[in-house]
Amino acid sequence: MSLKSFLAKQFAKSIYKKTKLWSDNPVQTQQTVFKEIIRQAKNTQFGIDHHFDSINSFQDFSNKVPIRDYEALKTYVDRVVQGEENVLWKGKPLYFAKTSGTTSGAKYIPLTKESMPFHIEAARNAILHYIHETGKADFVNGKMIFLQGSPILEEKNGIQLGRLSGIVAHFVPKYLQKNRMPTFETNCIEDWETKVDAIVEETFHEDMSVISGIPSWVQMYFEKLQQKAKKPVGELFKNFNLFIYGGVNFEPYRAKFENLIGRKVDSIELFPASEGFFAYQDSQKEKGMLLLLNSGIFYEFIKSEEFFTDPETSGPRRYTIGEVELNINYVLIISTNAGLWGYNIGDTIQFTSLKPYRVIVSGRVKHFISAFGEHVIGKEVEHALKQAMENTSIQINEFTVAPQITPTDGLPYHEWFIEFESEPENEDAFAEAIDNAMRTQNSYYDDLIAGKVLRKLVVTKVPKNGFQDYMKSIGKLGGQNKIPRLSNDRTIADFLKTK
């Protein structure tokens with residue numbers, strides 16, 4: 001065992017013990033976070049406007065601070081972007097993480113000196129928990145890569161601006177700098193396809209042990225490696241045994257990855273976002289990711305089925321950590337030490353464990369199909385596809401689902417656009433298997449099929465690189481961008497139909 005591996009194991013043991021201290025006391029931990037962020041922000045403009053000086057309980061907070069998304073918070077954010085201090089959080093942010101907005105163009109998410117360390121520590125601690133549980137630490141001696149955005153930052157009124165993954169690249173610890181790939185120059189390449197080609201050339205002869213990124217873009221990297229090496233990635237990188245990912249469910253990609261690698265490798269799932277690093281997989285044995293309750297983020301949860309209701313009373317009930325239940329779909333609401341308050345990040349989650357609190361990402365608030373009241377969510381379509389693929393040789397590269405409300409003939413239906421790597425022998429049977437799995441999970445969908453409001457789903461094959469072409473057409477190829485699993489309209493579907 002190398003000295004580096006030995007020290008990693010000792011550090012992992014220490015972090016595991018610290019994690020236990022707060023995860024064993026979740027309600028108290030969240031209460032401490034709540035009081036601290038309210039205290040630090042009470043003299044900000046937002047704190048003054050919402051009477052933070054008189055908030056003594058969560059009930060006070062929920063009465064004074066409504067749920068907001070970015071558009072509703074934008075008037076405050078715009079003031080921060082213009083260089084004003086003490087608006088949402090004390091002083092000015094260190095950075096803005098720039099993300100793609102839906103209705104207002106670019107979104108500027110503040111990162112402060114209080115919030116930034118938690119982004120770095122969470123990613124580190126995920127790896128340390130893996131080391132502590134498995135005892136595997138030799139990978140720290142090999143090369144590591146994270147497929148990320150450019151680290152080149154702009155400046156806006158004295159505040160650095162860039163993609164989150166590019167900002168984080170500036171915080172890689174010194175002890176990992178020698179192991180880190182690719183070079184800074186390659187990371188700065190903006191064109192994604194050119195960048196991946198350069199990464200292939202740089203890493204081809206290296207001892208890669210850890211590879212991380214969004215599965216769809218890592219898949220592109222693996223395909224290019226395999227084409228160049230004429231052999232599986234696992235043979236090229238004999239010590240590659242850990243894949244770290246976030247952003248999407250890995251299961252639809254798993255079979256293709258194992259084929260590209262030539263063997264199974266361990267994986268760690270992360271739940272990062274510009275707004276905060278919310279959870280990471282702390283165990284290879286348990287389902288879900290550990291919700292980070294001590295990281296400067298106070299969490300609220302609203303049941304998805306109640307979220308869109310707008311009664312004349314006080315709106316949907318807002319739950320805190322001690323009130324949540326297993327297997328309920330919740331909209332995730334956060335208040336943070338970066339100055340986001342009662343903020344709807346757009347993700348839905350479900351709890352898989354309450355001791356400790358572990359979650360899975362079940363979908364996006366805006367990514368669903370409910371053209372007929374069925375309210376199909378991301379978790380359901382991913383699970384249905386996984387079930388249909390079990391015990392088959394089917395492999396897929398990417399997929400998305402959209403409603404077909406006005407077909408040229410027959411009843412409306414859900415259309416599944418799938419880019420296959422290995423196609424089903426019987427396409428009708430495959431579509432039937434997906435449909436049955438959907439009907440089992442979603443009673444509303446089942447009722448619509450049984451009542452002949454909808455007909456069974458239709459699978460439409462997408463040509464090779466069809467999804468990449470779509471992402472390129474909207475300027476979102478690579479990086480942290482990902483295809484929506486569900487759309488309630490035909491925007492993506494209409495593009496794919498032309499392929």
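Bear in mind that the values here come from a model prediction, so they are computed numbers and not experimental data.
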For residues 285-299, dump all side-chain donor-acceptor pairs below 3.5 Å to protein atoms at least two apart in sequence or in another chain.
from: Ser295; atom 1: OG; to: Leu292; atom 2: O; distance (Å): 3.2
from: Tyr299; atom 1: OH; to: Leu292; atom 2: O; distance (Å): 3.0

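Side-chain atoms of Thr19 and Asp282, non-hydrogen and from C-beta on, never get closer than 4.5 Å to each other. Between Pro484 and Ile492, some side-chain heavy-atom pair lies under the 4.5 Å cut-off. Using a 4.5 Å heavy-atom cutoff, the side chains of Leu147 and Ile214 are not in contact. Residues His170 and Leu153 meet the side-chain proximity criterion, which asks for heavy atoms closer than 4.5 Å. A heavy-atom distance below 4.5 Å is found between the side chains of Val77 and Leu88. Side-chain contact between Leu332 and Phe301: present, with at least one pair of heavy atoms (C-beta onward) separated by less than 4.5 Å. Side-chain contact between Phe34 and Gln31: present, with at least one pair of heavy atoms (C-beta onward) separated by less than 4.5 Å. At a threshold of 4.5 Å between non-hydrogen side-chain atoms, the residues Trp22 and Thr32 do not count as touching.
Other residues, nucleotides and ligands contribute at most 12 non-hydrogen atoms within 6.0 Å of the OH atom of Tyr16. Annotation: Lys64, atom NZ; neighbour count of heavy atoms from other residues, nucleotides and ligands within 6.0 Å is above 12. Shown here is Lys90, whose NZ atom has more than 12 heavy atoms of other residues, nucleotides or ligands within 6.0 Å. In the displayed structure, Lys92 atom NZ is contacted under 6.0 Å by more than 12 heavy atoms of other residues, nucleotides or ligands. Summarising the local packing, CD of Glu85 is surrounded by more than 12 heavy atoms from other residues, nucleotides or ligands at distances under 6.0 Å.
Between His119 and Phe171, the ring center distance fails the sub-6.0 Å criterion.
With sequence neighbours excluded, no residue forms a side chain to side chain contact (heavy atoms under 4.5 Å, CB included) with Leu21.
Under a 3.5 Å cut-off, the side chain of His132 and the backbone N or O of Leu128 do not form any donor-acceptor pair. In this structure, Lys113 contributes its side chain and Leu94 its backbone to no donor-acceptor pair below 3.5 Å. Using modelled atom types, no side-chain atom of Asp266 and backbone atom of Leu242 make a donor-acceptor pair closer than 3.5 Å. In this structure, the side chain of Tyr70 engages the main chain of Tyr108 through a donor-acceptor pair within 3.5 Å. A distance-only check finds a donor-acceptor pair linking the side chain of Glu380 to the backbone of Ile377 [under 3.5 Å]. No donor-acceptor distance shorter than 3.5 angstrom exists from the side chain of Lys195 to the backbone of Glu190, with no hydrogens or angles considered. For the pair Thr186 (side chain) and Thr183 (backbone), a donor-acceptor distance under 3.5 Å is absent. Checking side-chain atoms of Asn157 against main-chain N and O of Val81 turns up a donor-acceptor pair under 3.5 Å. The closest donor-acceptor contact from the side chain of Asp191 to the backbone of Thr194 lies under 3.5 Å. Of the possible donor and acceptor atoms, one in the side chain of Ser212 sits under 3.5 Å from a partner among the backbone N and O of Ile145.
No side-chain donor-acceptor contact under 3.5 Å links Tyr470 and Thr400. Residues Gln219 and Asn397 bring a donor and an acceptor atom of their side chains to less than 3.5 Å of each other. Under 3.5 Å, the side chains of Asp49 and Gln45 contain a donor-acceptor pair of N or O atoms.
Residues Ile334 and Ile345 share a closest heavy-atom pair of CD1-CG2, 3.5 Å. When all heavy atoms are compared, the tightest approach of Leu326 to Thr352 is CD2-C, 3.6 Å. For Lys42 against Asp53, the heavy-atom pair with the smallest separation is CB-N, 4.4 Å. For the pair Gln284 and Gln281, the tightest heavy-atom approach, listed with the atom from each and the gap, is NE2-NE2, 3.5 Å. Between Ala123 and Phe277 the shortest heavy-atom distance is N-CE1, 3.8 Å. Smallest separation of non-hydrogen atoms from Ile189 and Ala198: CD1-CB, 3.9 Å.
Here NE2 of His129 is found 9.5 Å from OG of Ser283. Values are rounded to the nearest 0.5 Å. Between the CG atom of Leu496 and the CZ atom of Arg490 there is a distance of 9.5 Å, given to the nearest 0.5 Å. Interatomic distance, CD of Glu325 versus CG of Leu354, reported as 9.0 Å (0.5 Å rounding). Rounding to the nearest 0.5 Å places CZ of Phe495 at 10.5 Å from CZ of Phe467. Rounding to the nearest 0.5 angstrom, the gap separating the CD1 atom in Ile349 from the OG atom in Ser304 is 8.5 Å. Atom CG of residue Asn86 and atom OG1 of residue Thr44 lie 7.5 Å apart, to the nearest 0.5 angstrom.
Ring geometry, Phe243 versus Tyr245: the interplanar angle falls under 30°, so the pair is classed parallel (tilted spans 30 to 60°). The aromatic rings of Trp341 and Phe46 lie parallel to each other, their planes meeting at an angle below 30°, with 60° marking the opposite boundary. Ring geometry, Phe257 versus Tyr253: the interplanar angle exceeds 60°, so the pair is classed perpendicular (tilted spans 30 to 60°).
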Glu374 and Asn442: side chain to side chain donor-acceptor pair (under 3.5 Å), yes or no, with the steps? CA-CA 8 Å; Glu374 60 272 44; Asn442 189 308; over 6 Å; no

Could you go through Leu385 and Trp416, starting from their C-alpha distance and side-chain angles, then the distance that decides it, and tell me whether this counts as side-chain contact (heavy atoms from CB on, under 4.5 Å)? CA-CA 10 Å; Leu385 187 60; Trp416 287 58; 4.2 Å; yes

Glu154/Gln160 under side chain to side chain donor-acceptor pair (under 3.5 Å): CA gap, chis, key distance, verdict: CA-CA 6 Å; Glu154 306 170 37; Gln160 295 289 296; over 6 Å; no

Show, in sequence, the C-alpha distance, side-chain angles and deciding distance for Glu323 and Thr320, and conclude whether the side chain to side chain donor-acceptor pair (under 3.5 Å) test is met. CA-CA 6 Å; Glu323 303 170 300; Thr320 56; 3.1 Å; yes

List the steps, then state whether salt bridge (charged side-chain N to carboxylate O under 4.0 Å, His left out) holds for Arg39 with Glu36. CA-CA 5 Å; Arg39 183 187 69 79; Glu36 182 61 15; 2.6 Å; yes

Under the salt bridge (charged side-chain N to carboxylate O under 4.0 Å, His left out) rule, what do Glu251 and Arg254 come out as? Steps first, then yes or no, please. CA-CA 5 Å; Glu251 289 307 317; Arg254 189 178 294 277; 2.9 Å; yes

Please assess Ser5 against Asn141 for the test side chain to side chain donor-acceptor pair (under 3.5 Å), listing each intermediate value before the final yes or no. CA-CA 7 Å; Ser5 298; Asn141 300 302; 3.0 Å; yes

Go through the steps to decide whether Gln350 and Tyr330 satisfy the test side-chain contact (heavy atoms from CB on, under 4.5 Å), and finish with yes or no. CA-CA 6 Å; Gln350 291 182 6; Tyr330 291 102; over 6 Å; no

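Ion pair Glu398/Arg485 flagged as a salt bridge, since at least one NZ, NE, NH1 or NH2 atom sits closer than 4.0 Å to an Asp/Glu carboxylate oxygen.
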